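Working notes, structure below.
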Amino acid sequence: GVAGAAGRQRDLLIFAASSLQTALDELAPAIEHATSVRVRVSYAASSALARQIESGAPAGLFLSADLDWMNYLGDRHLIKSGTRVNLLGNTLVLIAPASHAEPLAIVPGFPLARALGTGRLAIAEPAAVPAGKYARAALTSLGVWDSVAAKLAPAENVRAALLFVSRGEAPFGIVYRSDALADRGVAIVGTFPATSHPPIVYPAAVTTAGGADAARVLEFLQTAAAKAVFARQGFLVD
Amino acid sequence: MSVRIDVVHALGQLQLNVSITTSAGLTAVIGPSGAGKTSLLNIVAGVIRPDRGVVRLDDDVLVDTAKGIWRPTHTRRIGYVFQAPRLFPHLTVRRNLGYGRWFSPAVTDPFAFDDVVDLLDLGALLARMPARLSGGEAQRVALGRALLSQPRLLLLDEPLASVDQARRDEVLPYLDRLRAEIRLPTIYVTHTPAEVESRAEQIVAMDRGRVV
Amino acid sequence: MSVRIDVVHALGQLQLNVSITTSAGLTAVIGPSGAGKTSLLNIVAGVIRPDRGVVRLDDDVLVDTAKGIWRPTHTRRIGYVFQAPRLFPHLTVRRNLGYGRWFSPAVTDPFAFDDVVDLLDLGALLARMPARLSGGEAQRVALGRALLSQPRLLLLDEPLASVDQARRDEVLPYLDRLRAEIRLPTIYVTHTPAEVESRAEQIVAMDRGRVV
Amino acid sequence: MTDAAIIALSLKIAVVATVASAPFAMLAALVLARGRFWGRSLLNAIVHLPLVLPPVVTGYALLRVLGRHGPVGALLESTFGVVFAFRWTGAAVAAAVMGFPLMVRAIRLAIESVDRDLEDAAGTLGASPWWTLATVTMPLALPGVLAGMVLGFAKALGEFGATITFVSNIPGETQTLALAIFSLIQTPGSDRAVMRLVGLSVGVSFAALMLSEYLARRVARGRS
Amino acid sequence: MTDAAIIALSLKIAVVATVASAPFAMLAALVLARGRFWGRSLLNAIVHLPLVLPPVVTGYALLRVLGRHGPVGALLESTFGVVFAFRWTGAAVAAAVMGFPLMVRAIRLAIESVDRDLEDAAGTLGASPWWTLATVTMPLALPGVLAGMVLGFAKALGEFGATITFVSNIPGETQTLALAIFSLIQTPGSDRAVMRLVGLSVGVSFAALMLSEYLARRVARGRS
Ligand SMILES: Nc1ncnc2c1ncn2[C@@H]1O[C@H](COP(=O)(O)OP(=O)(O)OP(=O)(O)O)[C@@H](O)[C@H]1O
Ligand SMILES: Nc1ncnc2c1ncn2[C@@H]1O[C@H](COP(=O)(O)OP(=O)(O)OP(=O)(O)O)[C@@H](O)[C@H]1O
Ligand SMILES: [Mg+2]
Ligand SMILES: [Mg+2]
């Protein structure tokens, strides 16, 4: 048994989007200390986790990188809607290999296609992965999507996109600031205005299987102490 | 025991068409290479299903294509020494010899294991794997294996082709004794008519699929 | 041509220890099952590497363990009809027969393909796959295949064991003729001394790994 | 989780997956090698499916069918109390399913190369087809069974997509070496840790391969 | 991309991956089956690596080695002008690498079951070891080569993790069926479209399997 089994009441299984791993792993001891709940975290793609919760996964708390999949669970009454919060935010940045990074002003119609030349723009899969969806929205609102749409290198997730840039395979990439900060092989050459894309939100909620422990942990994640850790990782906290 | 074989079977260009009845004792089948001797034994043993015909051991109908009867090989209790030894490569000589005994129903055992081993001089080979046998040794093991399965009919396809004269002269009288004591009828294919001339109660000469 | 064989080789419990010299013509090797006849041929052909010893064809040293000489099988030009036919199952009879000709250096061809096919009566089988041959047919193809590879020495391991009398009586004189015409020395293993008694210029009797 | 615990869990999952699926793989291989029935091609296609589909799809299908709310999963839970969802047993199921086509192919190939003449010989000695199978065909196909199990085991060690989709990535329960490596790869700056786990994976599989080669050599030696 | 274009690309990648890696797989299988040299166990382990490691790791390794800035990738580009990064050729490389252990195992198993007596016979007829290999051993191992190629092809169709990590998911260039399915499965409410593409995958592989079984039957029939 994972959570909820008799005698192991103080164990909590959290389902969290992969991109939260560094921060949550760092927070785990503090969570245990503050709430006396021992947490175990399963990191995977938000889509996989949401479908697992739908199939009765014993997770008490879900931290998604994606509004759509949280909504998916909400529509099916699989989360306690009262507990849902927008836990974190993030910023979208344009990155280049650290070795030859020159600032590029991100304004409507900025010459990204020309800067790319024959190279490709590494982004997370724009049809499916949240970071890719935001990137596509931002480029569209800035009027440069059409000029780069044929020059994309869509990756499985943000980290893979990051890898393409840090390995120098792609001259530019679009990732979250939190990811860009974590990789010394890349440099941020520009930041997308928050207005250029829908707000980047990491929603969190206690699942219908979750109990008081889950609520307490979620509460802790919203304390200043927790926020400081998230902020240090590059997330936006309010 | 009488064996009745009356079958028609097409083998590539060859049309096998044989009708014979043999009664207890030794039946020799002779004939040139490609005459259909092996195929005939295969039909009796149940390894080949004939296109048409009947195979009977006394009243026991093994094959009757008209009536749709076909007794599977393993229920026929017919010992068969193939033209090649076909030993089980993963079993020692001892276990090859013992393989058929699992299924032999008899309580009394006219073919005592040790007798057969002595007769065929297999004592020194029992622990050997088949890959380490000489050609003649392998063929003797195959013969012993068939004898030890306690068949009610024995089919021998040139069983002594690579067995030396001395041993041949021992084995043939032993087979005679077996036939005499337990009335084990035998069909014996050979290229060396001399081997069986004096013993065979019936000689079937085949050529091009037919009895001539 | 003279063949010098002087080897020692351990085979399980058997210690093969043979020293013979044969000169042009037919050498018969006889002896009971397990005597080491096949192993001897294997050593000459290069299929087995002897523990110690020398094998020479005239001045051509094939094996000399003391000097570290070991000529690989395919460079020896020794035709070998094994105890089992060992036909290539994926090639037709015709291509089995032709297999060795790829490598035969001769310009003149004393073993004309058609002659061999006629002699061994293989004409009707040329398009057949080996799986569809009878035991005797397969052995004839193996013999033809070895002859057609234009060897300078022929090793025959009971090549006529499952060949019928009539054909045997044809093949043996043909082999005589080959030996006479092109001086093809032959080492012939058999259980039927009668087969070679009148022909063999030398008879080597083996038992338990030794010449007796 | 310590490295040792992750390795122990991975080994448990891989061994259980390989051993438990071997009989089914033998059966499927046998039916494909020897059966002459109408649905054979279909069975063949189904066996190959986990290879052909992206692992995520297989994992998703497992979740749907064997999950707590899945038709088979619910049945198993209510009748036998067996739960695969989010348990190590489920990870073993995912690994077994993904390795299945590999095992079946190897075993089938070996069965197909068994000399039918030997089976005929067993028949004339009184062995029924089933007994012949057990005492002649399968022993002779043993190298193929071993090769299949090696492939299945290696696959089980490396399986990632179907496992994480079916039973998630729960430390101590379903987080195998492959999943731990994936998690670490997602974490920037953990190249060192990734290399360490990759090294462990390689070490475990190297040991398994050596063992299998040793067994194969013993089988081969036993026949000469 | 239309479904037809995705299928065409997937087939191209799978066929090229399978055909191009087959000779290497035969060579590796041969060396493993017959070679007696010191590094044999090591080679065996290396061949199995893509099976043992999570596909993402393999993709990552490919990127490091064969990427534009990887040691081999840079060399290939400067000497031959060959680029794998973000090209369909790179997807074929990823598929080939992932399918390699499967091909090698099947071929090796088949080579090991070839009767050595036949090779000896070829030798006495004057065939050198290499010629024997070409005219006896490999033809007799053909069922294994076919089985291996089927496994490799199926794996190439389903390969996902290494491909997307190495050459990304570019429609019309590197987006195979498996990658297209992956994109869809991450999108809520796309079950229908996923089912359609899965159906296509199954159809393609079914056709490939039928073809391979037909070829295998022809080989077998040619020998009886
Ligand atoms: N690999 C091996 N290991 C152990 N013993 C072997 C091996 N090969 C052959 N022998 C044994 O060596 C002896 C000689 O074998 P060989 O095949 O040379 O006999 P042979 O004279 O040809 O007999 P046959 O007339 O029966 O063919 C036999 O007793 C055989 O069992
Ligand atoms: N599967 C088959 N397809 C076609 N022809 C076959 C098949 N099996 C055997 N034959 C042919 O049928 C004929 C009879 O074969 P069989 O094996 O019965 O001969 P045999 O009398 O035993 O000969 P031998 O003394 O040479 O062993 C041969 O010409 C053989 O080539
Ligand atoms: Mg015959
Ligand atoms: Mg011999």
Side-chain angles (χ1 to χ4, degrees), chain A residues 17-18 44-51 54 64-76 97 99-100 116 118-133 136 148-157 159-171 173 185, chain E residues 1 6 54-74 76-77 81 83-88 90-91 94 159-176 178-191 193-194 197:
Chain A
S18 298
S46 303
S47 57
L49 296 172
R51 287 196 153 120
E54 186 186 7
S64 171
D66 187 336
L67 281 171
D68 289 349
W69 285 106
M70 188 60 91
N71 294 340
Y72 179 87
L73 293 183
D75 293 346
R76 288 163 177 73
S99 49
H100 29 333
L116 281 168
T118 59
R120 288 188 175 270
L121 177 67
I123 63 173
E125 171 58 49
V129 182
K133 292 193 265 190
R136 175 186 189 151
V148 299
K151 297 182 167 186
L152 300 177
E156 183 186 0
N157 51 51
R159 300 289 194 202
L162 194 64
L163 186 66
F164 284 140
V165 179
S166 73
R167 290 292 310 158
E169 298 296 335
Chain E
M1 296 305 297
I6 294 180
V56 183
V57 173
T58 307
Y60 183 54
L62 286 174
L63 187 66
R64 283 229 134 160
V65 176
L66 290 180
R68 294 204 146 190
H69 300 293
V72 181
L76 285 175
E77 183 165 4
V83 178
F84 290 127
F86 304 135
R87 298 277 167 84
W88 72 267
E159 215 303 302
F160 162 71
T163 307
I164 198 169
T165 309
F166 179 29
V167 291
S168 139
N169 181 16
I170 302 166
E173 186 73 39
T174 64
Q175 186 175 68
T176 61
L179 269 60
I181 292 172
F182 162 78
S183 296
L184 281 173
I185 224 170
Q186 297 233 3
T187 315
S190 56
D191 290 8
V194 169
L197 289 188

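Fair warning: this is a prediction, and the values are worked out from it, not measured in the lab. Numbers restart at 1 for each chain; the letters A, B, ... are given by sequence-line order, proteins then strands.
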For chain E, the option from Arg51(A), Arg167(A), Lys133(A) that forms the most heavy-atom pairs under 4.5 Å: Arg167(A)
Under 4.5 Å from a heavy atom of chain E, the part of Arg120(A) involved: side chain
Candidate pair Leu63(E) and Glu169(A), rule side-chain contact (heavy atoms from CB on, under 4.5 Å), full reasoning: CA-CA 9 Å; Leu63(E) 187 66; Glu169(A) 298 296 335; 3.6 Å; yes
Distance, nearest 0.5 Å, that separates OG1 of Thr165(E) from CZ of Phe164(A): 7.0 Å
Rounded distance (nearest 0.5 Å) linking atom NE2 of His69(E) with atom OG of Ser166(A): 11.0 Å
Non-hydrogen atoms of Pro188(E) and Trp69(A) that approach each other most closely: N-CZ2, 3.4 Å
Any Val129(A) side-chain heavy atom under 4.5 Å of Gln186(E) side chain: yes
Closest approach of Ala155(A) to Ile164(E) (non-hydrogen atoms, all atoms of both residues): C-CD1, 4.1 Å
Chain A contact via Ile185(E) - which portion, at a heavy-atom distance below 4.5 Å: both
Ser168(E) side-chain N/O to Pro154(A) backbone N/O, donor-acceptor pair under 3.5 Å: yes
Residues Ile170(E), Leu152(A); criterion side-chain contact (heavy atoms from CB on, under 4.5 Å); working and verdict: CA-CA 7 Å; Ile170(E) 302 166; Leu152(A) 300 177; over 6 Å; no
Which atoms of Glu125(A) approach chain E - backbone, side chain, both or neither, heavy atom under 4.5 Å: side chain
Residue part contacting chain E, namely of Ala153(A), when any heavy atom lies under 4.5 Å: both
